[in-house]
Every structure is written in C-alpha cells, then in structure tokens.
Amino acid sequence: MKRVTGIGGIFFHAKDPVALRAWYKRHLGVDVQDWGGTAFTWADNAGNPFKGTTIWSIGAADSGHFAPSTSTFMINYRVDDLAALLQALRDEGCQVLDKTDDSEYGKFGWVVDPEGNKVELWEPPAGQ
C-alpha cells in the first residue's frame, strides 16, 4: 500500500496572522487570499499545469485547529487510501485521532507524531 504521495498543504499559526500574511505577500509574492492562504497549482518543469494543488495558510495562534498538538504548524499529506492507512497506523501503535472528516474537499484523518505534532492525512476527491 502506498502511504504518503505528496504534500497537500502547510498550515501554521501566528500571533498576528494578518500582519504575517501581508509580509509573505509583500516580500515573497505569495498570493494570499481573503480566506488567509493560497492554493499553489502544480506544474511540470515546462510550466504546464496539471491536476493538483498545495494549500498554504496562516491561522490565528489561539485557534484549536491543531489540537491536541501545541505546535505552531501542521502539514497535510496526500494519501491514496485514508481508511487503510489509518488502520495500518493504528496496527503499528501510532496515536491516530478518532475523528475523521469526509467532505466535498475529500477525506481527512489525523495522526500525532512522536514529537507531539498533529499530522493531517488527506485523500483528495477522485480526479484531483
């Protein structure tokens, strides 16, 4: 079974998310949208786009989105079969969170790494 197939997103908290988003927009040219992040569209070496995006987003430090982790970041990894991977991680003794989410954006599950970082696992909808 394939496990991680790519990075679906990078999320981090900031004490002043509005100011930090503005810094990234001004100094690094990140096209920060009103929702607090951007979606980088994938392209090949020649610059031709193909299906897939990586989300980049800054949220407020007081958000509980990364709980139970106290880290200021969370990485979202793309996976092919979320249910099978979550079961394999449980069988291997990993700390898999009970909550999962199935929405128009795909299926999501979470595991906590040995350092206490919450890791998001994402099975994209078909065709993405």
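All residue numbers refer to positions in the sequence shown, counting from 1.
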With rounding to the nearest 0.5 Å, note down the distance linking CG in D113 to SG in C94.
9.5 Å
Once you round to the nearest 0.5 Å, how far does CZ of F11 lie from CG of N76?
5.0 Å
Return the set of residues passing side chain to side chain contact (heavy atoms under 4.5 Å, CB included) with P114 (not counting sequence neighbours), or none when no residue passes.
none
In terms of hydrophobic clusters joined by side-chain contacts under 4.5 Å, are M1 and W122 together?
no
Quick one: does any side-chain atom of S69 pair with a main-chain N or O of G116 as donor and acceptor, under 3.5 Å?
yes
Suppose the criterion is ring pair (Phe, Tyr, Trp, His ring centres under 6.0 Å): which pairs have a residue in residues 51-87, not counting sequence neighbours?
F12-W56, H13-F66, Y24-W56
For A46, which residues count as a side chain to side chain contact (heavy atoms under 4.5 Å, CB included) partner, sequence neighbours excluded?
D44, N48
Residue pairs meeting side chain to side chain donor-acceptor pair (under 3.5 Å), one or both in residues 30-40, sequence neighbours left out, come to D31-Q33
Do L121 and V119 have side-chain heavy atoms sitting under 4.5 Å apart?
yes
Give a yes or no on whether E115 atom CD has more than 12 heavy-atom contacts from other residues, nucleotides or ligands under 6.0 Å away.
no
Decide yes or no for K118 and L97: does some side-chain heavy atom of the first lie under 4.5 Å from some side-chain heavy atom of the second?
yes
Before you tell me yes or no, could you show the steps for I58 and R21 under side-chain contact (heavy atoms from CB on, under 4.5 Å), namely the whole-Å CA-CA distance, both residues' side-chain angles and the distance that decides it to 0.1 Å?
CA-CA 7 Å; I58 297 174; R21 291 176 197 139; 3.9 Å; yes
With side-chain contact (heavy atoms from CB on, under 4.5 Å) as the criterion, how do E120 and F108 come out once you've worked through the C-alpha distance, each side chain's angles and the decisive distance to 0.1 Å?
CA-CA 7 Å; E120 187 168 67; F108 297 86; 3.8 Å; yes
Following the transitive rule for hydrophobic clusters with a side-chain heavy-atom cut-off under 4.5 Å over Ile, Leu, Val, Met, Phe, Trp and Tyr, establish whether V79 and I10 coincide in one cluster.
yes
Kindly determine whether L86 and L82 satisfy side-chain contact (heavy atoms from CB on, under 4.5 Å), including the steps that lead there.
CA-CA 6 Å; L86 292 176; L82 179 65; 3.8 Å; yes
Only counting residues at least two apart or in another chain, list the ones meeting side chain to side chain contact (heavy atoms under 4.5 Å, CB included) with T5.
K2, R78, D80
Is there a side-chain contact (heavy atoms from CB on, under 4.5 Å) between F40 and I55? Walk through the geometry before answering.
CA-CA 6 Å; F40 292 102; I55 300 297; over 6 Å; no
Separation between CD (E123) and CG (D81), nearest 0.5 Å, reads 5.5 Å
Can you list the residues that meet the side chain to side chain contact (heavy atoms under 4.5 Å, CB included) rule with K99, with sequence neighbours excluded?
W110
Any side-chain donor near an acceptor of the partner, W42 and T54, under 3.5 Å
yes
What one should report as the nearest heavy-atom pair of R3 and L89 is NH1-CD2, 4.0 Å
Flag yes if V30 and L20 sit in one hydrophobic cluster, no otherwise; membership is Ile, Leu, Val, Met, Phe, Trp, Tyr, and two members link when side-chain heavy atoms are under 4.5 Å apart.
yes
